[in-house]
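Step one of this worksheet: look at the structure below.
Below, all heavy atoms of this structure are taken into account, side chains as well, without hydrogens, waters or symmetry copies. Order of listing sets the numbers, starting from 1, for every ligand and every atom in it.
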Amino acid sequence: MNCLFCRIIAGEIPSAKVYEDEYVLAFRDIDPQAPVHVLVIPKKHADSVLDAEPEMLVRMTEAAKKIASDEGLAEKGFRLVINTGEEGGQSVKHLHMHLLGGRSMQWPPG
Ligand code: AMP
């Protein structure tokens, strides 16, 4: 298995887990870009949002909402990001949603 995030799901590579259910795993980003920076990934592999099953996106978003509340972000807000492909800035080819919060976000993003 040469997918980094599949290896994290399998427990072959450690992660700082914040949430897990039957469909998704969420863990802290190793290079955080905000005080809270969590990655939410589907347990079933998809390269990107382009080949995601709709169910995956629902499960990921529902998990992100729960984590945001648990992390105290619901009142002030947060950002959910799915980088896709080369120009989208995707570096890991396993679908993932970034949950970023704990500071004011810039718009447009860089
Ligand atoms: P992206 O650039 O959108 O593909 O996001 C990939 C993210 O994975 C980056 O923010 C990385 O910091 C993060 N990352 C890479 N390796 C690990 C790891 N072993 N544990 C946690 N986060 C990671």
Side-chain angles (χ1 to χ4, degrees):
M1 190 194 310
N2 60 9
C3 169
L4 173 64
F5 288 174
C6 284
R7 295 186 69 194
I8 287 177
I9 292 163
E12 295 174 12
I13 293 173
S15 69
K17 182 169 78 177
V18 297
Y19 176 83
E20 182 172 18
D21 65 26
E22 190 181 340
Y23 304 96
V24 306
L25 176 69
F27 50 93
R28 298 199 189 278
D29 196 293
I30 205 165
D31 181 22
Q33 302 301 311
V36 176
H37 188 170
V38 171
L39 300 174
V40 184
I41 69 175
K43 287 188 171 176
K44 182 176 174 184
H45 183 91
D47 282 350
S48 79
V49 74
L50 291 170
D51 65 343
E53 296 166 11
E55 173 89 7
M56 290 177 179
L57 300 171
V58 172
R59 297 285 181 181
M60 290 164 69
T61 304
E62 289 300 311
K65 285 162 58 179
K66 182 179 186 326
I67 297 161
S69 293
D70 291 349
E71 297 280 331
L73 301 175
E75 190 178 330
K76 287 198 166 178
F78 54 89
R79 183 170 289 176
L80 301 178
V81 176
I82 301 178
N83 294 327
T84 306
E86 189 181 338
E87 290 202 353
Q90 181 180 6
S91 63
V92 178
K93 290 188 173 55
H94 181 123
L95 173 62
H96 51 281
M97 177 182 281
H98 296 257
L99 164 60
L100 297 146
R103 66 169 172 83
S104 291
M105 299 294 155
Q106 309 298 310
W107 193 264

*asked:* For Thr84, give me all partners under side chain to side chain contact (heavy atoms under 4.5 Å, CB included), at least two apart in sequence or on another chain.
replied: Ser48, Val49, Leu50, Ile82, Gln90
For ligand 1, find each of its N or O atoms that sits under 3.5 Å from a protein N or O atom, and tabulate the pairs with distances to one decimal place.
unit_1, atom_1, unit_2, atom_2, d
ligand 1, 2 (O), Gly89, O, 3.1
ligand 1, 2 (O), Ser91, N, 3.4
ligand 1, 2 (O), Ser91, OG, 2.9
ligand 1, 3 (O), Asn83, ND2, 2.8
ligand 1, 3 (O), His96, NE2, 2.9
ligand 1, 3 (O), His98, NE2, 2.8
ligand 1, 4 (O), Ser91, N, 2.6
ligand 1, 4 (O), Ser91, OG, 3.2
ligand 1, 4 (O), Val92, N, 3.0
ligand 1, 4 (O), His96, NE2, 2.8
ligand 1, 5 (O), His96, NE2, 2.9
ligand 1, 5 (O), His98, NE2, 3.2
ligand 1, 10 (O), Asp29, OD1, 3.3
ligand 1, 10 (O), Asp29, OD2, 2.5
ligand 1, 12 (O), Asp29, OD1, 2.5
ligand 1, 22 (N), Ile30, N, 3.1

*Short question: side chain of Arg79, backbone of Gln106 - any donor-acceptor pair under 3.5 Å?*
yes
_Evaluation steps, salt bridge (Lys or Arg N to Asp or Glu O under 4.0 Å), between Lys44 and Glu53_ = CA-CA 10 Å; Lys44 182 176 174 184; Glu53 296 166 11; 2.5 Å; yes
*Is the backbone of His94 close enough, under 3.5 Å, to the side chain of His96 for a donor and an acceptor to pair up by distance?*
yes
*With Glu20, which residues qualify under salt bridge (charged side-chain N to carboxylate O under 4.0 Å, His left out), at least two apart?*
Lys17, Lys43
*How would you list all residue pairs meeting salt bridge (charged side-chain N to carboxylate O under 4.0 Å, His left out) that involve residues 67-78, not counting sequence neighbours?*
Arg28-Glu71, Lys66-Asp70
